[in-house]
Amino acid sequence: MSISRALLVFTSLALIAGSPALLADPGNGNGKDKGSAHGNKGGQGNQGQGGGKKGAGAHYNGPQIDIGGVRVILGDNRDYWRGGSSLPPGIQKNLARGKPLPPGIAKKLDGRLLGRLPHYDGYEWQQAGTDLILVTIATGIIYEVLNDVLN
């Protein structure tokens with residue numbers, strides 16, 4: 001009986017001592033505080049906008065985009081896309097991360113180019129003027145804008 005009691009006490013102490021470690025943030029943004037700058041996973045993808053982060057919100061949690069890699073793919077596959085004309089400044093302002101895609105602005109890309117671009121579940125690459133944008137399929141919210149890469 002004393003061996004089982006000692007085992008019970010040891011197991012209880014191990015569970016109590018280990019529980020704070022389970023609640024700690026592992027350091028890669030997967031902790032409980034999703035709204036903080038540390039929990040923001042999509043922040044590096046803003047390089048295509050030519051600026052820093054524009055706010056920190058939960059809708060920025062998504063895939064991390066390798067913008068340099070996308071630019072290389074576009075350069076290597078120039079036959080699969082046509083440069084568009086620049087959008088008017090008023091519409092260009094509306095193409096921002098976290099905003100809804102204005103209706104009738106974006107065009108579908110050639111399937112051969114889409115097959116070479118990185119695929120992210122729930123997102124779709126589209127062309128708007130000379131910009132390449134990554135849009136959330138379900139909501140039409142712009143996730144990433146790569147300005148002036150299709151010229």
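Keep in mind that what you see is a predicted model, and the values were worked out from it rather than measured.
Nearest heavy atom pair, residue Asn151 against residue Arg78, reads O-NH1, 3.9 Å. Between Trp125 and Pro118, the shortest heavy-atom contact is NE1-O, 2.8 Å. Of all heavy-atom pairs between Ile105 and Ala128, the closest is CG2-CB, 3.8 Å.
Residues passing the side-chain contact (heavy atoms from CB on, under 4.5 Å) test with Arg116 are Ile73, Asn77, Tyr80, Arg112, sequence neighbours excluded. Listed by chain and number, the residues in a side-chain contact (heavy atoms from CB on, under 4.5 Å) with Lys108 are Glu124, Gln126 (sequence neighbours excluded). In this structure Thr130 satisfies the side chain to side chain donor-acceptor pair (under 3.5 Å) test together with Asp148, sequence neighbours excluded.
Clustering ILVMFWY residues whenever any of their side-chain heavy atoms sit less than 4.5 angstrom apart, transitively, puts Tyr120 in a cluster other than the one holding Ile137. Hydrophobic clustering (ILVMFWY, side-chain heavy atoms < 4.5 Å, transitive): Ile67 and Leu114 are in one cluster.
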**Message:** Using the rule given for side-chain contact (heavy atoms from CB on, under 4.5 Å), can you reason through Leu101 versus Ile141, listing the C-alpha separation, both sets of side-chain angles and the distance that settles it, and then say yes or no?
**Reply:** CA-CA 6 Å; Leu101 180 65; Ile141 300 294; over 6 Å; no
**Request:** Any chance you could lay out the side-chain contact (heavy atoms from CB on, under 4.5 Å) test for Tyr143 and Val135, step after step, and finish with the verdict?
**Result:** CA-CA 5 Å; Tyr143 180 75; Val135 179; over 6 Å; no
**Request:** Decide side-chain contact (heavy atoms from CB on, under 4.5 Å) for Leu146 and Ile133; before the verdict, give the C-alpha distance in whole Å, the side-chain angles of both, and the deciding distance to 0.1 Å.
**Result:** CA-CA 6 Å; Leu146 281 70; Ile133 54 177; over 6 Å; no
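No side-chain heavy atom of Leu150 sits under 4.5 Å from any side-chain heavy atom of Asp131. Between Asn147 and Leu132 the shortest side-chain heavy-atom distance does not fall below 4.5 Å.
With values rounded to the nearest 0.5 angstrom, Leu95 atom CG is found 4.5 Å from Ile142 atom CD1. Atom CG of Asp79 is separated from atom CG of Leu113 by 10.5 Å, given to the nearest 0.5 angstrom. From Leu87, atom CG reaches atom NZ of Lys93 across 14.0 Å, with rounding to the nearest 0.5 Å.
Between the side chain of Gln64 and the backbone N or O of Asp66 there is no donor-acceptor pair closer than 3.5 Å. Between the side chain of Trp81 and the main chain of Leu74, a donor-acceptor pair closer than 3.5 Å is present.
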